[in-house]
Amino acid sequence: MLGKLTLDAIPIHQPIIMYTLAVMSCVGFALVAYITAKKKWKYLWVNWVTSVDHKKIGVMYIIMAFVMLFRGLSDAVLMRTQQTLSSAGDAGFLPPEHYDQIFTAHGVIMIFFVAMPLVIGLMNVAVPLQIGARDVAFPFLNNLSFWLFISGIVLINLSLAIGEFAHNGWLSYAPLSGKQYSPGVGEDYWIWGLQIAGIGTLFTGINFVTTILKMRAPGMTLMKMPVFTWTALCANILIIAAFPILTVTIGLLTLDRYLDFHFFTNDLGGNMMMYVNLIWAWGHPEVYILILPAFGVFSEVFPTFSRKPIFGYTSLVWATVAITVLSFIVWLHHFFTMGAGANVNAFFGITTMIIAVPTGVKIFNWLFTMYKGRVVYNSMMLWSLGFVFTFVFGGVTGVLMAVPGVDFIVHGTVFLVAHFHNVIIGGVVFGTFAGITYWFPKAFGFTLDERWGVRAFWFWITGFVLAFAPLYWLGLMGMPRRISQHIDPSFHTGLAIAAVGVVFVIAGLVCQVIQFTVSIKHRKQYQDTTGDPWDGRTLEWSTSSPPPEYNFAVTPKIHALDQFWEDKRTGGVSPPARYSDILMPSNTGMGCYIGSFATVFGFAAIWHIWWLAIITGAATGLLWVLNSFRVNDHYLIPASEVQETEAARAAQAENKPSNLDSDGIPCVQM
């Protein structure tokens, strides 16, 4: 009746897990009690859960990313503490099998459920506004993508309480992920959590490529798009091209585990190297799916706070396109050591070095944008400059490892771990933090506290350097990655320094929590009434903060790059003599329903509860079909309401000046 599910699946014999579950349960109950006491369930359902507004969906992505960041960071603390204790001669507190699960969960969570939603959230908030659109091309699909992502989160976190998680690394290499070596349900949690969330991500890619190509404002040619929109377009093209590879790869692994196929086994015609090729044919474009939008954020921040146009717009665009293409022909550098031969290694080594060229072009573009500009060193610029420092160092070490001979020496060491985190944290995380601060007033109508933002940056970058710089040194000393027991005492000093770095990172995250708390508490003092708190250049700053549900009362007409900047120079755009009715998509709970059934289906498939899997799988498909017959999927905003909204916005902008000084710094007394 319940398949493989028994009471033994609850890890009552592991105190760390049980304490964690107790804390999570208390937090969950407290949250439910608070929402109930405030009578906010209906508000959340109507305004957020069922919303198809791209701005609200973007905010929900970012909120969930921060929630999962705490989970992923807690795993990092456990790993670093265990390694430090082990290198000091102590047995530590994590047995090998538990450490391997934490190690795998950390990688999966940070890539799929922190970095991806941060990037997708920013694209949701900014891209439709930047191109003058009222929403994305497929609003319901956007809502469904989010709830499929939530389904993946639920399954990943359920593995903590019921059963176990995978223990073969964040990409679950075959044949270790096969049934012979991983007979438990941990690998199945990995399969279904990533498969469901990955399908949602694929839907996002289709949605945004369609939106950018088909819904740009009249006159906005491709070469008049903001750079962030360009990077979003290229990232979503990569999603469409790469995520089907992940879907098929996980599908083949599923057949191996569930139906005893032998695609990736060591016998009966299987080939484990086919798995490695497929997973990295997706995996390396995934790195650029994450980093390209971060590059786009920096391309908005640097010109805005240097008070001058972006240097070399055309070269930036072509560099972005070049990176997009080259990202598909470098995947084999992830396994130079497999013995493919000198010719194959040389080809992929050369392409890996070449991809550094367009990335270097971007770095020089941003530096020259600052040159002779009136630079404002606020928290957004600090995140951006911190990125330049950390990412360049990470990129240089990447080029070093593009030499197959060097890679053969350092590939299995923590040197590679340091390089990867240099790129992901220094690039993606710093970039999204800059983007969140930059577009926060657009989403919520008030700016974030600058002082706590600056403190967060300095803690983060100090902690980041302390946490990962020693790993380069340890890697060159020969410290293997993925070890947790009986670590050589000569590695202790470096690991101890890295552990101190983690403490600084935690302090930076605490500063960000305080920043959000203080800003929300004093939001009236931080209020932006102009819609343009940073004296921005692109179309999103021409709307109110936050924008109305329709974004633009009148679709903008584009004649130049940075059209809004040009409009401000020439005196602005006069309001129309009369407004028109606006048709907007209606909210729907169908995405939440489908995501819920998909979650139950995934859980049932993990535990081999086949009757439940059949019912929920059929219900998921049926709900999707029923949604296609929905007739009242739009509502009308009358012209009179649009006129009232725009008049109120204009009056507010005239009567209340912005809370920023001439340098773009919030003027707030605390």
Side-chain angles (χ1 to χ4, degrees), residues 41-61 64 117 120 124 128 133-155 158 191-211 214-215 236 239-240 243-244 247-248 250-251 254 549-550 582-607 609-637:
W41 288 111
K42 183 178 180 181
Y43 165 79
L44 290 174
W45 178 262
V46 172
N47 291 281
W48 292 94
V49 173
T50 62
S51 177
V52 296
D53 186 337
H54 67 94
K55 301 179 289 294
K56 291 183 177 179
I57 291 174
V59 170
M60 290 192 290
Y61 268 116
M64 291 309 303
I120 292 174
N124 264 286
R134 293 204 166 103
D135 210 314
V136 294
F138 308 114
F140 163 71
L141 197 63
N142 201 19
N143 178 277
L144 176 61
S145 298
F146 173 75
W147 287 110
L148 291 177
F149 160 74
I150 293 296
S151 176
I153 284 182
V154 172
L155 290 175
L158 271 177
I191 284 174
W192 292 107
L194 265 61
Q195 190 74 293
I196 293 172
I199 291 172
T201 302
L202 179 59
F203 291 160
T204 296
I206 295 169
N207 210 343
F208 274 92
V209 168
T210 306
T211 300
K214 293 295 185 181
M215 298 183 67
N236 283 284
I239 287 175
I240 293 173
F243 265 79
T247 302
V248 169
I250 295 178
T254 305
E549 59 267 35
Y550 51 79
I582 298 176
L583 197 65
M584 293 298 296
S586 301
N587 288 1
T588 174
M590 197 63 77
C592 182
Y593 298 145
I594 293 174
S596 299
F597 276 110
T599 304
V600 179
F601 167 79
F603 184 81
I606 289 165
W607 289 99
I609 310 174
W610 297 120
W611 62 268
L612 183 58
I614 292 170
I615 292 172
T616 52
T620 301
L622 180 61
L623 286 175
W624 203 332
V625 172
L626 289 176
N627 182 75
S628 66
F629 289 97
R630 196 161 61 104
V631 176
N632 298 320
D633 58 349
H634 287 79
Y635 69 97
L636 190 71
I637 303 176

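All figures in this text were calculated on a predicted structure; none of them were measured in a lab. Side chains are part of it too, since the values below use all heavy atoms of this structure and drop only hydrogens, waters and symmetry mates.
By the ring-ring contact (aromatic ring centres under 6.0 Å, His included) test, W41 pairs with no residue at all, sequence neighbours left out. Every residue two or more places apart in sequence or in another chain that forms a side-chain contact (heavy atoms from CB on, under 4.5 Å) with L623 is listed here: M590, Y593, I594, F597. Residues satisfying the side-chain contact (heavy atoms from CB on, under 4.5 Å) criterion with Y61, sequence neighbours excluded, are I57, P117, I120, N124, S145, F146, F149, T204. Judged as a ring-ring contact (aromatic ring centres under 6.0 Å, His included), and not counting sequence neighbours, the contacts of F243 are W282. Under the side-chain contact (heavy atoms from CB on, under 4.5 Å) criterion, L622 pairs with L626, not counting sequence neighbours. The side-chain contact (heavy atoms from CB on, under 4.5 Å) test applied to V49 returns W45, W147, C592, not counting sequence neighbours.
The distance from the NZ atom of K56 to the OG1 atom of T50 is 8.5 Å, given to the nearest 0.5 Å. With rounding to the nearest 0.5 Å, the separation of CG in L612 from CH2 in W607 is 14.0 Å. Note that OG1 of T616 is 11.5 Å distant from CZ of F603, once rounded to the nearest 0.5 Å.
Under a 3.5 Å cut-off, the side chain of D135 and the backbone N or O of P128 do not form any donor-acceptor pair. Q195 places no side-chain N or O within donor-acceptor distance of the main-chain N or O of I250, the cut-off being under 3.5 Å.
Considering every non-hydrogen atom in both T210 and A137, the closest pair reads CG2-CB, 3.7 Å.
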